[in-house]
Amino acid sequence: MRAGFEESLHRAVDGRAVRDDLLVLAGARGDEVRALLGAALSVRLSGGRAVTFSRNVFVPLTNLCMNRCAYCGFRRDPGDPGAGYWEPERAVRVAAAGEAAGATEVLVSSGDRPEAAHGEAALWLRRHGYRSTAEYAADLEDRILRSTGRVLIHTNIGVLTRDEISLLRPLNASMGLMLESSSPRLSGPGMPHCCSPTKDPRVRLRMMEDAGSLRVPFTTGVLIGIGETWEERVDSLLAIADLHARYGHVQEVIIQPFSPEPGTPMWRSPPPDPVEVAKAVALARLIFGPSMPLQAPPNIAGPSRPLLLSAGADDWGGISRLTPDYVNARHPWPSEEELSREAAALGMSLRPRLPIYPRYLLGGWLPEGLRERALSISDGEGYARSRR
């Protein structure tokens, strides 16, 4: 091992690491990688052996988007096959079907502010009586809550203003927005975010700060493998940690690897090596400590899932029996049974959760109008009640 690596690792395990220590750890190679992952796993296991997930259904309001991220296979332009908005009736039917199948989460997503870039999107919204996608989401979510009794909603529809967060807050158990990266370099010419104004990290961090000041349980994370450096990865994780230290609202951090999508400018770019992703998970675990849930999307991780669990991940996010991952459609969900076997092989146990984590549910962060509903589908520890 390099001189100083063990000292940096000890400081990280004790929660005393500074940025320079984390950069030393980010450069781990060979035996250093094994030491890094082992240390992160020991920190993770000090917080328990459960691996959580949420039974959900996916409701993508629209695949139209103002951004043109070089890696995104979800967005469509007006006129493309399958482009447009879901009608409200379709979304409500999917939510009700999910509830009947045992889901406790409705994930509402969309492209980012399509009405700001596409006249067709603005026209569809006006014809249906809405001024924005956020306003449509609020009305639809109210319909979903009125037509169901045992699901909670998590919304991630891109960057929102403070007023839009306030509009959606009474309807949501939690909300989310991926930071992806805090590096403005990735928005430069020829970079993956060069044509994506709301991927400006200042814009995204501002929304995350607004969510914190409004006491919204919040999910965010980083995207690994789109051209960022290890220094930028560390700085992105530290930016999330700083916001959480100020507001206490980050309920989960996602470490998501880039996955090439056909037809996109980055289709020929290689995905990150699984060990590289595992290192990012381990660094996140050492930054955030044992109590912060760390999610690794299980359908993208594929065969590397056990490696990521061994690096400190402890959550698989939302998994659906009814709906695909519309954002990563080439990657089908693994079954609960498969995830349970993998966890058991590592001495861990799979446990369903709600879209709001226990410490926020039991700590009074849930909007009052959703409290009775949430308690009816949760157990005494704040996790999802077992299905009978």
Side-chain angles (χ1 to χ4, degrees), residues 58 60-77 80-83 107 109-114 116-118 156-159 176-205 207 219-233 235-237 239-240 253-281 284 295-302 304 308 317-318 324-333:
F58 202 141
L61 299 186
T62 182
N63 50 18
L64 302 175
C65 185
M66 72 178 296
N67 294 329
R68 292 183 176 275
C69 300
Y71 46 80
C72 181
F74 171 71
R75 78 172 303 281
R76 298 289 184 272
D77 282 321
D80 287 347
L107 169 60
S109 69
S110 78
D112 211 320
R113 294 193 176 280
H118 303 297
N156 184 338
I157 58 172
V159 171
L177 179 77
M178 288 289 284
L179 172 60
E180 296 195 5
S181 176
S182 64
S183 173
R185 185 181 66 87
L186 298 181
S187 295
M191 299 302 286
H193 293 157
C194 70
C195 302
S196 304
T198 67
K199 291 300 175 74
D200 182 329
R202 294 167 299 182
V203 173
R204 299 178 91 74
L205 288 167
M207 178 192 160
T219 294
T220 188
V222 295
L223 185 57
I224 303 296
I226 58 172
E228 76 289 348
T229 65
W230 272 109
E231 184 174 10
E232 289 167 333
R233 291 171 185 171
D235 286 341
S236 299
L237 291 168
I240 295 171
V253 175
I254 302 172
I255 309 297
Q256 178 166 333
F258 157 72
S259 177
E261 290 291 336
T264 65
M266 291 182 66
W267 165 234
R268 299 298 180 187
S269 300
D273 182 86
V275 173
E276 189 175 8
V277 181
K279 283 174 57 180
V281 169
Q295 182 196 134
N299 54 329
I300 300 177
S304 67
L308 300 184
D325 181 348
Y326 286 95
V327 176
N328 301 284
R330 295 190 308 113
H331 300 279
W333 300 117

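Remember, predicted model here, so these are calculated numbers, not experimental data.
D325 places no side-chain N or O within donor-acceptor distance of the main-chain N or O of H331, the cut-off being under 3.5 Å. Using a distance-only test at 3.5 Å, with no hydrogens or angles considered, no donor-acceptor pair links the side chain of R268 to the main chain of P265.
No donor-acceptor contact under 3.5 angstrom links the side chains of S183 and D235, judged on distance only. Using modelled atom types and a 3.5 Å distance limit, the side chains of S259 and N328 yield no donor-acceptor pair.
A distance of 14.5 Å separates CZ of F74 from OG1 of T264, quoted to the nearest 0.5 Å. For the atom pair L179 CG and M207 CE, the distance stands at 12.0 Å (nearest 0.5 Å). Taken from CD1 in I255 to CG in L308, the straight-line distance is 10.0 Å, to the nearest 0.5 Å. Rounded to the nearest 0.5 Å, atoms CD1 (I224) and CD1 (I300) are 12.0 Å apart. Atom-to-atom distance recorded for R204:CZ and M178:CE is 8.5 Å, nearest 0.5 angstrom. Atoms CE and CD, on M266 and E261 in that order, are 11.5 Å from each other to the nearest 0.5 Å.
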**Asked** How far apart are the C-alpha atoms of T219 and N156, what are their side-chain angles, what is the distance that settles it, and do they pass the side-chain contact (heavy atoms from CB on, under 4.5 Å) test?
**Response** CA-CA 9 Å; T219 294; N156 184 338; over 6 Å; no

**Prompt:** Please walk me through it: do H118 and D77 pass side-chain contact (heavy atoms from CB on, under 4.5 Å)?
**Reply:** CA-CA 8 Å; H118 303 297; D77 282 321; 3.7 Å; yes

**Item:** side-chain contact (heavy atoms from CB on, under 4.5 Å) between T229 and R185, worked out
**Value:** CA-CA 10 Å; T229 65; R185 185 181 66 87; 4.0 Å; yes

**Request:** Walk me through it: do E276 and R233 pass the test side-chain contact (heavy atoms from CB on, under 4.5 Å)?
**Result:** CA-CA 11 Å; E276 189 175 8; R233 291 171 185 171; 2.8 Å; yes

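Residues L61 and S109 are not in side-chain contact: their nearest non-hydrogen atoms beyond the backbone lie 4.5 Å or more apart. Counting heavy atoms from C-beta outward, C69 and S196 have side chains that approach closer than 4.5 Å. Residues E228 and L223 fail the side-chain proximity criterion, which asks for heavy atoms closer than 4.5 Å. Two residues are said to be in side-chain contact when any heavy atoms from C-beta on lie closer than 4.5 Å; S236 and S181 meet this criterion. The closest side-chain heavy-atom distance from N67 to R75 is not below 4.5 Å. Under the 4.5 Å side-chain criterion, counting only non-hydrogen atoms from C-beta, V327 is in contact with F58.
Taking 4.0 Å as the cut-off between side-chain N and carboxylate O, K279 and D273 do not count as a salt-bridged pair.
A search for ring-ring contact (aromatic ring centres under 6.0 Å, His included) contacts involving F258 returns nothing, not counting sequence neighbours.
Of all the heavy atoms in V203 and P197, the pair that sits closest is CG2-O, 4.4 Å. For P189 against C194, the heavy-atom pair with the smallest separation is CA-CB, 4.3 Å.
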